[in-house]
Amino acid sequence: MSDCVIQTDELCKAYGPQKALDRVSVKVGPGAIGLLGPNGAGKTTLMKCLLQLQPMTSGKAWLLGREVGTEGREIRKRVGFTPEMDCHIPGMAGCEYVTYCAQLSGLPFRAARQRAHEMLDFVGMGQERYRRIDTYSTGMKQRLKLAQSIVHDPEVLFLDEPTNGLDPKGRVQILELVQDLWKLHGISVVLSSHLLHDVDQICDQVIIIARGRLIVHDTLSNLKSRRRGWAEVVLTRGQTDLVAACQREGWPCEILPNGHVKVEHHAENLGPLLALIRTQQLTLLEIIPSPNALEEFFVQALETAHASP
Amino acid sequence: MPLHNAGYQHWKGEHRGIWYRRMTIAANGLNGCLRNKWMRHLVVVCWTGALLQIGLLFVVGQLLVKDSAVVRWTGSLNSQLQLFAGGLTSWLEQHPEISVRCAQNLLFYYYTTALLGLSFAAIAMVIPHLVSRDLSSNAIVIYSSKAVSRLDYLIGKCGTVFGLLVLTWLGPLLASWFIGNLLAPRWHFFWHARVALVHVLLFSLTTMAILSLMALGVSAISPREKASVGLWLALWLLGGTFVNLAQHGRPWLKHLSLSYNLDQLALAIFRLGRDLNLARDNIPVFGSMLDGLKSHTVERLQHPDWMGAAIALVILLILAAAVLIWRVKPQ
């Protein structure tokens, strides 16, 4: 259990007759974990149950090896949370707010103030940290939420839709920061999102939830390998030649609107496809194995969930 | 652009304990209140009251000493007043315990209850900084995601009210007691005034605990700040109406007034009736003065309805606790 960041055993959460979480059992190791599911799937509820923001109806859960419900304070000291909604304290300046959050986690005032400034630097906030939070834009508030969630140096960070309302540049920056937290600093990240691209970009494990049930939990590479046999080929020219050659091999293929050729080669690896391209003497610019694998897997998983009673 | 991005660093220091986190919540709330200039003015008014009380204690202390400057000065104003002061002086000589105790007990009763009104006003200003604002801004989620429980949060918020009441009420009371007795003509005033101090501490600390919980409960009723302030003012000011209504047939109605209940508690703790009897028995001039008091005033002082007040306060506290349990949740 100690190797697991998150473990749940038959975890249930019900709102009256409505089951938000239905017997969720999962063991999750350290890493960047994507929590995927459509709106209302139970992603946020799962996070909140783990953080004790909502009581569980039944079942058990452990976070960082400690049982949720009995060691709340001790767990939350080691965990960070970036909620989806705005939840700042009105009237405070950004740096004051982050300092206060650090103090709430037990950091002495001086250390809290210094670390608050470091974290605000880390998330890319400048002089605006001295302004009242009420005047912040959505992007600034998202950065501030991230800063307050890491100011006490957590071991696990829960992010609930952290890129909501951000422009493309801001989204990329936030995702890069989150990625760095795991890859460079070893802080496990649980990223809840309905944006598959975000999860695909930074996560190495994926949990898919639908209708309160766990549909799949696996590494992203394993999930992609399940969808092996697809590839997107980018050529300088000769797309029609490749299509003809693939059809002769019996591989379904098509030319996409962007000029790429999508090939279903049915093989475990790209060897046969590369050999075919070589024999056709085509100039290969790029080959993307299993493009949109996560999206396809996600849709397939949801269909399975909806089909089951 | 960041000011200076040194990247992410792990924190290696020691974490402080739970009481530090609770005090952080309390200090943050108090800091927020004191940013309001009206609150700062109110604090100044309360401390000005303390100066007046010190002056009063000084004058009373001087009245109890033979040939003091104040006695001589009263003699220059009015010969009867000098006679009265002379009586007091001889009373002090004979019963120092009773004279200092009774005088200070009476003075501190009035001063304590007078400052209570200002404390109600101070709480009206602090109410938005308690739970209302956190409810409206969803800040409760942030507290709940940190290493503090709901109880820690409430203790911290209670600490905000407590801290404010120390500034506006207990602080001036203790300062006036200490400095007033420091300026007294004899050192034994400190010893004889101990009963007044015990009464002040007992009443103010009990009332501070009651008011803190009541204020939290009222603040948690609505996420709208104006509604919370309005409710508090209603609870405070409409109490007088209930007391008036109670005179017309339904005596229990007076217990709906928080001020009335606290006043009964004050009378029970300060035991003014006992002091009046002592004064009446020992000083003839006081006896004739007290005979002039209306019977219902004497009855009120000697037999406060503390049991009814205590029951009413307990019910109000239970209601406040129920509101807090119902409203202060992470979600």
Side-chain angles (χ1 to χ4, degrees), chain A residues 48 51-55 72-83 85-92 96-97 100-109 111-112 115 117-127 129 133-134 145 148-153 158 177 180-181 184-187, chain B residues 1-29 31-36 128-153 156-157 223-225 328-331:
Chain A
K48 286 179 178 171
L51 290 165
Q52 284 184 281
L53 297 177
Q54 285 186 348
R73 251 192 231 133
E74 216 34 58
I75 289 173
R76 289 196 298 267
K77 203 191 276 182
R78 299 162 63 192
V79 171
F81 178 48
T82 302
M85 60 195 164
D86 283 344
C87 42
H88 55 270
I89 299 170
M92 276 185 151
E96 261 183 294
Y97 173 65
Y100 182 51
C101 287
Q103 285 185 279
L104 287 180
S105 297
L107 271 70
F109 174 70
R115 204 167 155 79
H117 282 287
E118 286 171 8
M119 290 307 106
L120 287 164
D121 290 338
F122 178 70
V123 299
M125 285 189 79
Q127 293 290 346
R129 71 186 63 181
I133 304 171
D134 317 79
K145 279 195 280 181
Q148 67 78 24
S149 65
I150 55 175
V151 71
H152 57 292
D153 192 23
F158 286 85
L177 289 175
D180 284 354
L181 286 174
L184 303 180
H185 307 289
I187 297 172
Chain B
M1 283 290 291
L3 299 179
H4 169 69
N5 197 345
Y8 187 89
Q9 305 285 325
H10 285 291
W11 159 252
K12 293 187 180 68
E14 284 288 312
H15 284 84
R16 292 281 179 91
I18 188 60
W19 276 102
Y20 167 78
R21 282 170 260 162
R22 289 169 180 167
M23 287 305 108
T24 297
I25 296 171
N28 179 64
N31 196 24
C33 298
L34 292 174
R35 283 181 188 172
N36 181 339
H129 294 270
L130 300 174
V131 186
S132 299
R133 202 169 275 188
D134 291 343
L135 286 176
S136 64
S137 64
N138 293 316
I140 299 269
V141 176
I142 287 297
Y143 284 104
S144 308
S145 68
K146 303 292 173 198
V148 286
S149 64
R150 179 164 66 168
L151 182 66
D152 301 329
Y153 169 79
K157 291 290 178 182
R224 286 185 300 171
E225 294 175 15
V328 182
K329 289 177 183 168
Q331 292 296 301

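Chain A is the first sequence line, chain B the second, and so forth, proteins listed ahead of strands; every chain is numbered from 1.
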Worksheet item: Of all of Asp86(A), Val151(A), Leu51(A), which one pairs up most often with chain B through heavy atoms under 4.5 Å apart?
Response: Asp86(A)

Discussion item. If you compare all heavy atoms of Leu53(A) against all heavy atoms of Ser145(B), which two are closest, and at what distance to 0.1 Å?
Written reply: CD2-N, 4.1 Å

Item to complete: Select one option (side chain, backbone, both, neither) describing which atoms of Leu181(A) are under 4.5 Å from chain B's heavy atoms.
Response: side chain

Worksheet item: chain B heavy atoms under 4.5 Å from Phe158(A): which part of the residue, side chain, backbone, both or neither?
Response: neither

Worksheet item: So which of Ala139(B), Gly156(B), Ser137(B), Gly32(B) has the biggest tally of heavy-atom pairs under 4.5 Å with chain A?
Response: Ser137(B)

Worksheet entry | Option that, when pairs with chain B are counted at under 4.5 Å, heavy atom only, ranks first among Glu96(A), Lys145(A), His152(A) | Glu96(A)

Worksheet entry | Partner chain B: residue of Val79(A), Ile150(A), Leu184(A), Asp180(A) with the largest heavy-atom pair count (under 4.5 Å) | Ile150(A)

Worksheet item: Between Tyr143(B) and Arg73(A), is there a cation-pi geometry (under 6.0 Å to ring centre, at most 45° from the normal)?
Response: no

Item to complete: Could you check if a side-chain atom of Gln103(A) sits within less than 4.5 angstrom of a side-chain atom of Tyr20(B), using non-hydrogen atoms only?
Response: yes

Practice prompt. Could you tell me whether a side-chain N or O of Thr24(B) sits under 3.5 Å from a main-chain N or O of Leu104(A), the two making a donor and an acceptor?
Written response: no

Item to complete: Among His129(B), Glu225(B), Arg133(B), find the one that has a side chain to side chain contact (heavy atoms under 4.5 Å, CB included) with Pro90(A).
Response: Arg133(B)

Worksheet item: Is a side-chain N or O of Arg76(A) found less than 3.5 angstrom from the main chain of Lys146(B), in a donor-acceptor match?
Response: yes

Discussion item. Counting heavy-atom pairs closer than 4.5 Å to chain B, which one of Pro108(A), Ser105(A), Ala111(A) comes out on top?
Written reply: Pro108(A)

Practice prompt. Sort His88(A) into side chain, backbone, both or neither according to what part of it lies under 4.5 angstrom from a heavy atom of chain B.
Written response: backbone

Worksheet item: Is there a side chain to side chain contact (heavy atoms under 4.5 Å, CB included) between Leu107(A) and His15(B) once you walk through the steps?
Response: CA-CA 5 Å; Leu107(A) 271 70; His15(B) 284 84; 3.9 Å; yes

Response to the item:
Under 4.5 Å to a heavy atom of chain A? For Ile18(B) that would be side chain

Worksheet, complete the sentence: Rounded to the nearest 0.5 Å, the CH2 atom of Trp11(B) sits from the CD atom of Glu118(A) at a distance of 10.0 Å

Discussion item. Let me confirm one number: the CD-CG distance from Gln9(B) to Asp153(A), rounded to the nearest 0.5 Å.
Written reply: 10.0 Å

Discussion item. Side chains of Ile142(B) and Phe81(A), heavy atoms from C-beta outward: is any pair under 4.5 Å?
Written reply: no

